[in-house]
Amino acid sequence: MKITLNVWRQQNAQSSGRFETYVASNVSEHMSFLEMLDVVNTDLVKAGKEPIAFDHDCREGVCGSCGIVIGGRAHGPNRAIATCQLHMRTFRDGDTITLEPWRAKAFPVIKDLMVDRTAMDRIMQAGGYVSVKTGGVPDGNAIPIPKHVADEAMDAAACIGCGACVAACPNGSAMLFVAAKVSQLALLPQGQVERTERVLKMVKQMDDEGFGNCSNNYACEAECPKEVSVTHIARLNREYLRANLVKEEQKESAGGA
Amino acid sequence: MNQLTAFVQSSVGKKIFMSLTGLFLCSFLLVHLVGNLTLLKNDGGAAFDAYSHFMSTNGAIRVLEVGLVLGFLVHICAGLLVWWQNRQARPTKYETYRLKDTTPWASRNTIVTGSIVLIFLVVHLQTFVGGLRFTENPPSAYALVASAFSSGWYSAFYVVALVLLGYHLRHGFQAAFQTLGLRNKRYGGLLDAIGVLFWLIVPIGFAILPVYFYFFHNVSDATMALGGI
């Protein structure tokens, strides 16, 4: 296969980027998209040029590292896969494909197709955790959880934090990501201790990072490699409303003790 | 920070205001439509004039009217604010962006449909509230409707605006329930069914009126009604 690539090249966050065109002439349809980029990069290195920088790690759709907007679609045109799971047989011989990084104010470009997604880490630090007692390992099933609740929480927990929801959203909103995390922990008994504080803190951090507001387009759900449903966004909204209604004014504690 | 301030300023809070006011405006549409359908009663406008008189003189309605104006203002301001902030959230645009593949037209264009509906609202208020309440010797409400819709351009503008209102509600009605956290797998289908009432039946109901008056209501009737004041 012969594929023409229109790739976004940008030296760092400060510099302005531009598109450059590369032709990959010996592409096998069995290659994964990232393997095709590896071949293009090998040729670039041989020619003494700077290879295209892109994020990747496990290359089997579980780590959430990779992510390229391919032909205007986050993770490419197929449903329920990460960029690493996309294969060249999806495209036709002679196609021209535009490659761009996730574009959002909250995701500054590090280099070329790599973006800084630490905004999502800071949202997690703000409230995406549970309190546990130290000591011996607890029994696996010591706390009973109804099957359908566990299933729903598991569906939310499938989020790999790749940021495709932000990239796909016309508003650069991180609602599906935050919803998956809030929903997962709000459903489970282990998440109840911080339930009220968590949603308030995570939404606050999300807004502070410069992500947009959700406008219920559901482009996020369509592009999510793990098919996280927007019903989790409804649950986030419900949790947020609930938290605002039930939150007690906190007394200043003396501390120490 | 005060919790209420934080709520209003948050992304979710702003949208909860938008959804509540949006649903309130939907309820207004339904009441307005039921009243307007009295125009179709073949009694020379007696029923519609009585309805119009009641709406402009009843005290409770006048109080609700203030709420309605506030509802519109909050909905419009929150909508514009959300739209503006969302534009800031992606400073560098995509070279190719195939949002069309994954989202419906109505959901991508609420700001466009909403703005045109707002223009329609201004024209509509100027004609009917201006023409009945802020005019010396106003005509009967029925006569005013008949004469306004005797213009083809004016009637066509109404129909176009109502089609866009339909698209606005096609997105807005379900989105309001999503934002309020009331949409889930169990009720999603039911909400979509109720939504049809708002995005399809209500706009059609309103659009029947200019079409009916323009095509089937001859001018002499209108003149007679005008002469009858």
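Just the heavy atoms: all of them, side chains too, but no hydrogens, waters or symmetry mates, feed the values below. We name chains A, B, ... by the order of the sequence lines, and we start the count at 1 in each one. Owing to the predicted nature of the structure, the values given are computational and were not obtained by experimental measurement.
Distance check, rounded to the nearest 0.5 Å: CZ of Arg238(A) to CD1 of Ile233(A) gives 12.5 Å. Between atom CD1 of residue Ile16(B) and atom CG of residue Leu241(A) there is a gap of 4.5 Å, rounded to the nearest 0.5 Å.
Judged by the 6.0 Å distance and 45° axis criteria, Arg90(B) is not positioned over the aromatic ring of Phe211(A). Annotation: cation-pi pair Arg103(A)/Trp8(A) present, NZ/CZ under 6.0 Å from the ring centroid and within 45° of its normal.
Heavy-atom pairs under 4.5 Å with chain B were tallied for Val230(A), Val69(A), Asn171(A); the largest tally goes to Asn171(A). Note on Ala106(A), Gly172(A), Pro170(A), Ala104(A): by heavy-atom pairs under 4.5 Å with chain B, the leading option is Pro170(A). Counting heavy-atom pairs closer than 4.5 Å to chain A, the top residue among Leu180(B), Val82(B), Asn184(B), Leu182(B) is Val82(B). When Thr98(A), Thr231(A), Asn244(A) are compared by the number of non-hydrogen pairs under 4.5 Å with chain B, Asn244(A) comes out ahead. Contacts with chain A were tallied for Gly13(B), Ser10(B), Ala106(B), Pro104(B); Ser10(B) has the most, counting heavy-atom pairs under 4.5 Å. Ranked by heavy-atom pairs under 4.5 Å with chain A, the first of Ser107(B), Gly188(B), Ser11(B), Ala175(B) is Ser11(B). Between chain B and the residues Ala167(A), Ala222(A), Pro77(A), the largest count of heavy-atom pairs under 4.5 Å involves Ala167(A). When Arg98(B), Gln88(B), Gln178(B), Lys185(B) are compared by the number of non-hydrogen pairs under 4.5 Å with chain A, Gln178(B) comes out ahead. Counting heavy-atom pairs closer than 4.5 Å to chain A, the top-ranked of the candidates Lys93(B), Gln85(B), Met18(B), His171(B) is His171(B). Between chain B and the options Ser215(A), Gly210(A), Ala243(A), Ser229(A), heavy-atom pairs under 4.5 Å are most frequent for Ser215(A).
Residue Glu223(A) touches chain B through its side chain alone, counting heavy-atom pairs closer than 4.5 Å. With a 4.5 Å cut-off on non-hydrogen atoms, Asn217(A) touches chain B through its backbone and its side chain both. Only the side chain of Tyr240(A) comes within less than 4.5 Å of a heavy atom of chain B; its backbone N, CA, C and O stay farther away. Residue Ala74(A) does not touch chain B at all, counting heavy-atom pairs closer than 4.5 Å. For Pro101(A), the part lying under 4.5 angstrom from a heavy atom of chain B is the backbone only. Neither the backbone nor the side chain of Val109(A) comes within less than 4.5 Å of any heavy atom of chain B. At a 4.5 Å heavy-atom cutoff, Glu209(A) makes no contact with chain B through either its backbone or its side chain. Only the side chain of Phe19(A) comes within less than 4.5 Å of a heavy atom of chain B; its backbone N, CA, C and O stay farther away.
You'll find the ring centres of His32(B) and Phe206(B) inside the 6.0 Å limit.
Side-chain contact check for Lys14(B) and Gln9(B): no donor-acceptor pair (N or O, by modelled atom type) lies under 3.5 Å.
When all heavy atoms of Asp116(A) and Thr118(A) are compared, the closest pair comes out as OD1-OG1, 2.6 Å.
Using a 4.0 Å cut-off between charged nitrogen and carboxylate oxygen, Arg117(A) and Asp121(A) do not count as a salt-bridge pair. Salt bridge annotation for Asp192(B)-Arg183(B): present, with a cationic side-chain nitrogen under 4.0 angstrom from a carboxylate oxygen. Under 4.0 Å is where a charged nitrogen must lie from a carboxylate oxygen, and between Lys201(A) and Glu194(A) no such pair does.
Note: Trp105(B) and Tyr167(B) have perpendicular aromatic rings, judged against thresholds of 30 and 60 degrees for the angle between ring planes.
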